[in-house]
Amino acid sequence: MQNIWHTCINVIQLSNLRKHLTVGQAPCLFFTQAGYLCNYRKIRESKTLFLNVMILTFALLYSRIKIIRKHILTAIFLLACFWLLSPLITTADHKYIIYFYNPETNINNFASLKKEFDVYLSSFGEYQLQPFSEREIFDKVISEKKDGIFLISSWHYKKLKETVPMEPALVAISKNKSTYRRILSVKKAINNPNLLKGTTIASSSSEDYTKSLLKKMLGKEDIVNSIKILTVPKDIDALMSVGFGVAAGALTTENSLDKLATINQKQYEMLRRLSVSEEILLPIAATPKPSDHSHSKLLRIMKEMGTVAEGKNKLNMLGLDTWKELDESEKRCLEK
Amino acid sequence: MKGLYKRVIRSLLKNSSSRRGIFFTGGTAFILSFFLLTPPVLLPSETNKKVLILNSDVSIINYSLAHTGFQSKLPVPENVVDLGSKWVDEEKIKDAIHDINPSVIYCIGTRAYLLAYRFAGNKHLVFSSIINWRRLPMGKNTYGISNELPPSMQLTMYRYFFPEIHKIGILYSKDYNKEWIDIAVKSAKDVGITIMKRAINRQDEVTSVLEELLPKVDVLWLTPDPGVISNTELVEKIFQQSNDVRKPVFSYSEAFADLGATLIISADIPTIGMQAAGIALDLLSNKGSTERVQSPAGSHITINLRQVKKYKIKLNEEALDSVNQVIE
């Protein structure tokens with residue numbers, strides 16, 4: 001909005017320049033432009049920068065009064081200085097964002113999540129969380145944005161790394177582990193994968209992620225292609241839906257299945273563990289390439305979240321406990 | 001032997017009437033084999049099976065969420081009729097159903113379902129977002145998703161969130177909820193909870209029954225029983241009475257958040273829309289549906305942490321990752 005307002009002022013100034021520009025008005029133009037240039041956030045936007053240069057150049061060409069030319073030349077000089085110095089000024093506290101998308105969990109409390117994270121992060125500077133529900137939109141946004149870090153699943157990272165230059169830095173920890181396993185639990189009557197043909201599997205993960213994992217786990221592409229995926233909000237919903245007859249099976253984390261065993265033994269006993277996945281790396285935090293010191297600062301803030309109660313509460317909303325730096329074996333796993 | 005065949009064929013072809021016979025018989029066999037041996041091909045009308053979404057009022061958020069959930073799963077082009085909040089000419093709806101001639105009608109809300117039931121003839125109906133669907137007429141082609149979560153789902157979540165809760169009080173009316181309450185009592189045992197039920201015959205009994213019940217339970221569970229929560233005043237009174245004796249109230253609708261419900265577990269509406277789409281797809285491909293009316297598969301959870309602290313009930317912090325909305 002502010003951009004549009006400034007552009008309007010510039011256009012009005014330009015159109016009236018020849019007629020009305022007097023010695024008295026010249027400082028007004030100069031201070032408007034100089035003040036605008038001092039607004040370091042605007043300088044980062046190349047379109048605005050270009051517009052300002054154009055305005056000042058036109059003003060210079062149109063002006064017939066020497067003193068105004070002098071002011072305008074000074075403004076151009078200032079502009080050049082600010083432009084050159086802008087990286088140093090702007091990176092100090094420019095708004096940085098945590099871009100978040102995780103196909104492994106169906107997070108639908110985005111409003112609360114964003115609010116909680118933003119409140120927590122604001123105590124460290126101008127930082128925000130930006131969660132996404134659609135993978136395509138997320139992929140498009142992060143391919144263009146460099147002003148933040150990406151909070152993604154290891155599965156998604158492997159798909160993105162070819163197209164978006166990024167460096168994995170942290171991995172999440174839950175129950176003292178950086179990995180987890182998924183279990184395909186089915187009705188007791190289903191004792192082999194062939195019986196899953198044409199059935200419905202409930203999962204709190206995205207459909208493409210669920211199918212991709214099922215293919216790995218079952219190794220039967222035709223069976224998996226015939227399965228319908230019912231996306232539910234939570235793992236516990238997926239497990240309970242098998243008991244209600246809505247789905248023939250549920251793909252959930254091992255932790256969720258264990259949880260069901262402790263809360264509702266009867267529902268748990270209605271299930272059979274048909275297949276278990278390999279260890280999967282928990283979500284990771286990656287920085288775009290090249291990164292700057294603000295990325296490092298934000299990573300540090302994230303890493304320390306798990307050490308304070310308030311930060312830990314926010315991480316719990318994502319089903320995570322804390323973060324740690326990726327070790328060599330985890331990095332190798334991501335590059336596979 | 002080979003020579004004999006050749007001779008017979010040559011003599012048949014020489015004779016013109018035999019030749020005609022061979023062509024007729026062969027032609028007929030060819031045409032018949034085309035119909036009998038080729039795999040069944042879908043006729044244009046079958047490949048263009050249509051789905052109509054009949055929405056009671058798309059401006060109502062829950063109806064709109066179900067609508068969006070349905071559309072996210074159904075790859076076929078749909079036709080939409082929004083009945084809206086104003087009066088509608090029923091004849092126009094009847095004509096629209098006739099003109100579109102859908103194979104499946106997804107009815108969102110009671111109003112849409114009742115209209116479709118009257119005008120749709122033998123078409124498949126899939127309903128959702130209907131409170132207490134059992135009170136509605138059901139045809140042999142009616143399918144749907146119930147609006148109420150099964151009691152075992154809610155009780156499992158109660159146990160998960162509050163591991164130290166053991167006694168839950170429920171008010172119910174025998175006319176509306178006798179069967180439901182029996183299932184709930186049974187399901188509660190599976191998660192180590194005892195349900196203390198009290199039947200309400202008249203609304204003016206509510207206060208006295210609560211006075212007797214509340215001291216004996218850890219929490220009050222407010223269920224969608226029209227015999228108990230028939231007006232706003234009565235609901236406010238129930239919350240007030242529970243608060244006076246510092247007993248939390250668990251409920252089933254976001255509408256009770258402002259009144260001070262501690263935990264609200266309701267069906268997740270977009271998931272209901274997706275389930276309805278699953279049934280519609282099965283019907284379009286003539287697979288039928290295993291269950292005529294499915295339970296909702298997703299839950300939506302709201303927790304009021306202010307109330308949790310106020311009533312000093314032990315919360316399993318780990319359960320917070322299952323919460324959709326936190327009130328602080």
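Here is the naming used below: chain letters follow the sequence lines, and residue numbers restart at 1 for every chain. All values below come from the heavy atoms of this structure, side chains included, with hydrogens, waters and symmetry mates left out.
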>> Report which part of Ser152(B) has an atom under 4.5 Å of a heavy atom belonging to chain A: side chain, backbone, both, or neither.
In response: both
> How many angstroms lie between OG in Ser72(B) and CD in Glu207(A), if you round to the nearest 0.5 Å?
Replying inline: 9.5 Å
> Among all residues two or more places apart in sequence or in another chain, which pass the salt bridge (charged side-chain N to carboxylate O under 4.0 Å, His left out) test with Lys266(A)?
Replying inline: Asp190(B)
>> To the closest 0.5 Å, what do you measure between CG (Asn313(A)) and CD (Glu328(B))?
In response: 8.0 Å
>> Is Lys175(A) close to chain B through its backbone or its side chain, or both, or neither, when contacts mean heavy atoms under 4.5 Å?
In response: side chain
> So which of Gly278(B), Pro150(B), Ser295(B) has the largest heavy-atom pair count under 4.5 angstrom toward chain A?
Replying inline: Pro150(B)
> What are the two closest heavy atoms between Ala297(B) and Ser241(A), and how far apart are they?
Replying inline: CB-CB, 4.0 Å
> Say you draw a straight line from CD of Gln267(A) to OG1 of Thr156(B); how long is it, rounded to the nearest 0.5 Å?
Replying inline: 6.0 Å
>> Quick check for you: to the nearest 0.5 Å, what is the distance between Leu155(B) atom CG and Asn264(A) atom CG?
In response: 9.0 Å
> For the atom pair CG (Leu260(A)) and OH (Tyr160(B)), what is the distance rounded to the nearest 0.5 Å?
Replying inline: 11.0 Å
>> As an exercise, state the distance from CD1 of Ile229(A) to CE of Met274(B), rounded to the nearest 0.5 Å.
In response: 12.5 Å
> Is chain B contacted by the side chain of Lys259(A), its backbone, both, or neither, given a heavy-atom distance below 4.5 Å?
Replying inline: side chain
> If contact means a heavy atom pair closer than 4.5 Å, which residues of residues 309-319 of chain B contact chain A?
Replying inline: Glu317(B), Glu318(B)
>> I'd like to verify something: which residue of Arg159(B), Gln275(B), Met153(B) has the highest number of heavy-atom pairs under 4.5 Å with chain A?
In response: Met153(B)
>> Quick check on the interface: out of Asp321(B), Leu149(B), Ile301(B), Val326(B), who has the most heavy-atom pairs with chain A under 4.5 Å?
In response: Asp321(B)
